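Heads up, the thing below is written out as structure tokens.
Keep in mind that what you see is a predicted model, and the values were worked out from it rather than measured. Convention: sequence-line order gives letters A, B, ...; per-chain numbering from 1.
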Amino acid sequence: MELDSRYDPKSSEVRWQKFWEEKEIYKYDPTSDKKVFSIDTPPPTVSGKLHIGHVFSYTQAEVIARYHRMLGENVMYPFGFDDNGLPTEILTEREKGIKGSDLPREEFNQYCKEVSKEYRGQFKELWQRLGFSCDWSSAYTTISESSQRISQRSFLDLLKKSHVEYKEDPTLWCTKCQTSFAQAEIDDVNKGSVFNYLNFKSEAGEDIPIATTRPELLPGCVAMLIHPDNSKYKQLIGQDAIVPIFNHKVKIIADEKADPEKGTGIVMCCTFGDVTDIEWWREHNLDLRICFTQSGMMNERAGEFEGLYMTKAREAIISKMLDEKIIFKQVDLDAESRIVNTHERCGTPVEYIPTKQWFIKVVENKEALIKQGEKVNWYPSYMFKRYKDWVENLSWDWAISRQRYFGVPIPVWYAPDGTVLTADESQLPVNPLVDKPLDCKGYDPESLIPERDVLDTWATSSITPQLNSRWGEPNEDKKLFPMTMRPQAHDIIRTWAFYTIVKAYYHFDEIPWQDAVISGHVIKKDQKVESQKVEGKAYERKSKISKSKDGDKFSPLKILDEFSSDTVRYWACTGTLGMDIAYDEEEIDSANKLLNKLWNSSRFAIPFIEDFNPNEKMPKLEAIDSWALSRFNNVIKQYHKSYEKYDFFPARNELVKFFWGTFCDNYLELVKDRFWNPEKRGEESAYAAKWTLYSLLLGQLKLFAPYIPHITEELYQALFKDTEGDISIHVSSFPKENDDFEDELSSRAGDLLLDLLTLVRTYKSKNSYSMKLQVDTLTVACSEDVEKALRKVDADVKAITKTANIIYQRECENPFDDKTSELSIEVKMDEDAMYRTELLGKIKPIVSALKKDAGLKAKNPIAKIYIKAEGKILKSLEEEPSSIIGVVKAREVLFNDNAMQYTATEEEGLEVAISVE
RNA sequence: GGGCGUUUAGCUCAGUUGGCUAGAGCGCCACCCUUACAAGGUGGAUGUCCGGGGUUCGAGUCCCUGAACGCUCACCA
């Protein structure tokens, strides 16, 4: 058993990652009857670069996976890639410099496959470097044949159950991507604009003023509306008005939604400028006057402006109306107050166009869907509110057809009379552009029109639990539905979580998973901003990480080059679940201290536990052993209790606190004497220390394992593999809780010992004494009870405080200033040791000066130190040459060598000299 | 404008059901090279727990109210 003096994560981490993969440590066992813990891993879209936020969020789920594996559960931790759909198309168009609409579909899809494959590789590399314990054999992609089959199965099932409908309706439309999209894909963008005040004409030729930001929609104007109580204008209600420039006639009607305070108090309704236009259009049965094409160009209704893109048309129309004095006022709207809905994938402003689309009906089932959401356990619980708010505010059914190419085809055909023909289950996955329905219902197969649209990418990623359990497939695994846990970030509650709940409800009247575990985002730690000072206090501004502004500073691969995986993982488990975290390299780096400490404490333990046989009988423990074990037992309990709520951070904190404070700072110090001086403390005592050390160290490594799997594996393999036998620490089981160690007197003794130890340490520290400086007599003033407990650990106290004699009394004559409610002390230091320290204190500055003369720094080592002294001084210094060597960093000390040139010290009769080399 | 969250040491954050003389890590100061570790150890300093009210024997924690920051939904004529 041996460990290098330093831990080298670079070589260790890769080595163990390979080992885990070869040994298939993370394989899910479908035949096992152990409790299943299944994770509905978010399949990342391959739409762009990875960033630190992915690492943060995914690591939290990964740590939980490892925790449950070590609990002995049958963990299903798959990985998925969401590669179908618009995000991939946009990425491919950008990467390859092509346009999907310009190429034959098959060719374009081929490019998409290539690009997504490349990005999948990047993702996989990252997860492996982070040591993720996914079962790669159960990885899926949303464009694979079986995913397509299950996705189409889902569509057909919903159609059969009438949750899907095909209808013509105003739809959210992107003129750039030329597709419909869903409410969840809307982004709000602040954009400045101009409010144009312009005049319509009444039939009598009077001016009727309105205000609009979108004058290019004038050719699509179908009505003017005035609030029925609008005293200024209500007399116009019922008349007709003439649209300027385009000169068609529209009615002026009353509507309470026309706010008299806004603009001029009169508003035009166009088909369609916004959602209100749609409502008016429906309520008042207005005409449909579409004035632009699906690609955002003005159509023939725009007359001379036909063929211009809408933004250009706006400029041209404004300019013309200014010339003709139709516009009589323009007001700038600043970006703050003017919010435009855009398509989140490309940033193009949303348009509303009536098209025929497939919808999944959700608006009519809001209540039931909220109830389903309620059945899920949300961590943290307030995240349910986000879900609920979203569902309550839904105003559009979920449009699932996309006029795009790289996606799961919608498995239907249309007969000439409009009848919809569906694919048969047995022919899935089907491509209507190539295949024909099995049952043509008497129509001529050649007359059928195939559906060209594909499904929204969310239509497939909303069935990840079904993909994981392989719903309807020959190898379906019913144990995997519902899944145990859905980890995801909070920004996609309205999409992914919502849609997944919708599908599980419509298909099976089930929830898709028991627990939704929601993580936060990683944000930038910005400098204080002067202008944000409020009432004298400068506030930190925190902002999202932006790829364009921050470059690849937050690229995970770059971060992993700089820091080890274990440290990045450790950092990712900082903070409260669901809360955003500031990216801070110093925080990541400080995890190294823990790794180092683990490494070194294990190194310390090796000589004592290497011949230990854990099967031998349990020894009679000393008080301090019971004390440490019972405290550790408590840590185990807290640890599991925290994990029940997915609180990996408090669990980690308790563990670290114990490891550093109790184990390293105190227990290890306490057992040294027992190991090193068995003749004084007894063989049985040494054995009890060994037994306890073994058990504590192993137990702690296991509790650390989910967070920092590499170093714990390295240490487990080096120290415990042979005696424990598990192939990897990650498939071993956690230390058992054991209340037998609870022993009131030992527990009391341990606590008192620490109090007493702190008092002595404080005493030495305040007097600038080294901790190893010997104490002649330690007088402890305390009650009889306390004395009784402390006497159990007498030997430990003596050893750790370097005390020769302890006296217990009820009171001290000259107590030390610091005391506890139960203890006060009086310390009589060892005179000889004090004297020696004094002498050393005089040697040190002179040697430093000599080193400086020789061109060295004070901390540089030297070859020899020579000391000239006699009598008491000589005798005292000769007693502990190692102290001298240590203080001046010399390799050797020599006394009274006459050949040297000595320099005097402050102490009369003491002179020193050095030789450098 | 609605809803949610946050506000605790110089920085990053913990603080369960009210019991706190408010903690940790980093940073800071002093001391200590002690046979695992100086990437260490010991000791120390630093807080109107965002402000203002209230309930209570007792409030960082509960209630009301205000502010700042963030997120989210909505408003978009």
Distances for protein N/O vs nucleotides 14-23 of chain B N/O pairs under 3.5 angstrom?
unit_1, atom_1, unit_2, atom_2, d
B:rA14, OP1, A:T576, N, 3.2
B:rA14, OP1, A:T576, OG1, 2.2
B:rA14, O5', A:T576, OG1, 3.3

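For B:rG2, the OP1/OP2 oxygens have no side-chain nitrogen or oxygen of A:K388 closer than 4.0 Å. For B:rC26, one of the phosphate oxygens OP1 or OP2 lies less than 4.0 angstrom from a side-chain nitrogen or oxygen of A:K593. Under 4.0 angstrom from either OP1 or OP2 of B:rA36 there lies at least one side-chain N or O belonging to A:K672. A:W660 has no side-chain polar atom (N or O) that falls below the 4.0 Å cut-off from OP1 or OP2 of B:rC37. Using a 4.0 Å cut-off, no side-chain N or O of A:Q774 falls inside it from OP1 or OP2 of B:rU34.
Ring planes of A:Y643 and A:Y639: tilted class, angle from 30 to 60°. By the 30° and 60° cut-offs, the orientation of the rings of A:F608 relative to A:F675 is parallel. Under the 30°/60° scheme for interplanar angles, the aromatic rings of A:H490 and A:H521 are found to be tilted. Note: A:W571 and A:Y583 have perpendicular aromatic rings, judged against thresholds of 30 and 60 degrees for the angle between ring planes. A perpendicular orientation is assigned to the rings of A:F704 and A:F659, their planes being inclined by more than 60° (bins at 30° and 60°).
Residue A:S770 places its side chain closer to B:rC33 than to any other of B:rG43, B:rC33, B:rA36. Distances from the side chain of A:T212 to the nucleotides B:rG43, B:rA74, B:rA77 place B:rA77 closest. Looking at the side chain of A:R603, the nearest of the listed nucleotides B:rA36, B:rU42, B:rC75 is B:rA36. Set against B:rU12, B:rA36, B:rA39, the side chain of A:D584 has B:rU12 as its closest nucleotide. Residue A:S590 has its side chain nearest to B:rC26 when only B:rC31, B:rC26, B:rA77 are considered. Distances from the side chain of A:S765 to the nucleotides B:rA36, B:rU12, B:rA30 place B:rA30 closest. Nearest nucleotide to the side chain of A:T762, out of B:rA77, B:rG43, B:rC4: B:rG43. Comparing B:rU12, B:rA77, B:rC37 by their nearest atom to the side chain of A:E587 picks out B:rU12. Minimum atom distance to the side chain of A:N596 is reached by B:rC37, of the listed B:rC37, B:rG5, B:rA36.
B:rA30 and B:rG66 have their P atoms separated by 49 Å, with the value rounded to a whole Å. The same atom, C1', is picked in B:rA39 and in B:rG47; the two are 29 Å apart, to the nearest Å. Between B:rA9 and B:rG60, the two C1' atoms lie 14 Å apart (nearest whole Å). The same atom, C1', is picked in B:rG52 and in B:rC13; the two are 27 Å apart, to the nearest Å. The gap from the P atom of B:rC49 to that of B:rU8 amounts to 11 Å, rounded to the nearest Å. Using atom P as the reference point in both B:rA24 and B:rG43, the two lie 11 Å apart (nearest Å). Taking the C1' atoms as reference points, B:rG40 lies 16 Å from B:rG25, given to the whole Å.
Here A:D259 lies in heavy-atom contact (under 4.0 Å) with a base. Using a 4.0 Å heavy-atom distance criterion, A:W390 is classed as a sugar-phosphate-only contact. Looking at heavy-atom distances under 4.0 Å, A:A258 makes contact with a base. Residue A:T213 is in sugar-phosphate contact alone, with no base atom involved, counting any heavy-atom pair closer than 4.0 Å across all strands shown. Base contact: A:R6 has a heavy atom under 4.0 Å from a base atom. Among the protein residues, A:C269 comes within range of no part of the nucleic acid, since none of its heavy atoms lies under 4.0 Å from any strand. When heavy atoms are screened at a 4.0 angstrom cut-off, A:D665 is found touching the sugar-phosphate backbone but no base atom. Residue contacts shown for A:L668 include a base, since a base heavy atom lies under 4.0 Å away. Among the protein residues, A:T276 comes within range of the sugar-phosphate backbone only, with heavy atoms under 4.0 Å from sugar or phosphate atoms but none that close to a base.
Salt bridge status for A:D818 with A:K766: present, with a side-chain N to carboxylate O gap under 4.0 Å.
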Canonical and wobble pairing (Watson-Crick, G-U, under 3.5 Å) of RNA chain B, dot-bracket with |:
(((((((..((((.....[...)))).(((((.......))))).....(((((..]....))))))))))))....
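Under the 6.0 Å distance and 45° angle rule, A:K597 does not count as a cation-pi partner of A:F663.
Sequence order on RNA chain B of the closest nucleotides to A:E669 and A:I581 puts A:I581 first from the 5' end. A residue-by-residue look at A:N666 and A:N767 shows that A:N767 has its nearest nucleotide of RNA chain B further toward the 5' end.
When the P atom of B:rC71 is taken as reference, atom CG of A:D580 falls 9 Å away, rounded to whole Å.
Counted by atom type alone, A:S12 and A:E714 present one or more donor-acceptor pairs between their side chains at under 3.5 Å. Side-chain contact annotation: A:D188 with A:N341, donor-acceptor N/O pair under 3.5 Å present. In the model, A:N600 has a side-chain atom that pairs as donor or acceptor with a side-chain atom of A:N596 under 3.5 Å.
Residue-environment remark: NZ (A:K641) stays at or below the threshold of 12 foreign heavy atoms within 6.0 Å.
The base of B:rC37 sits within donor-acceptor range of the side chain of A:K597, with an N or O pair under 3.5 Å.
Qualifying side-chain hydrogen bond (donor to acceptor under 3.5 Å, both in side chains) partners for A:E892, counting only residues two or more places apart in sequence or in other chains: none.
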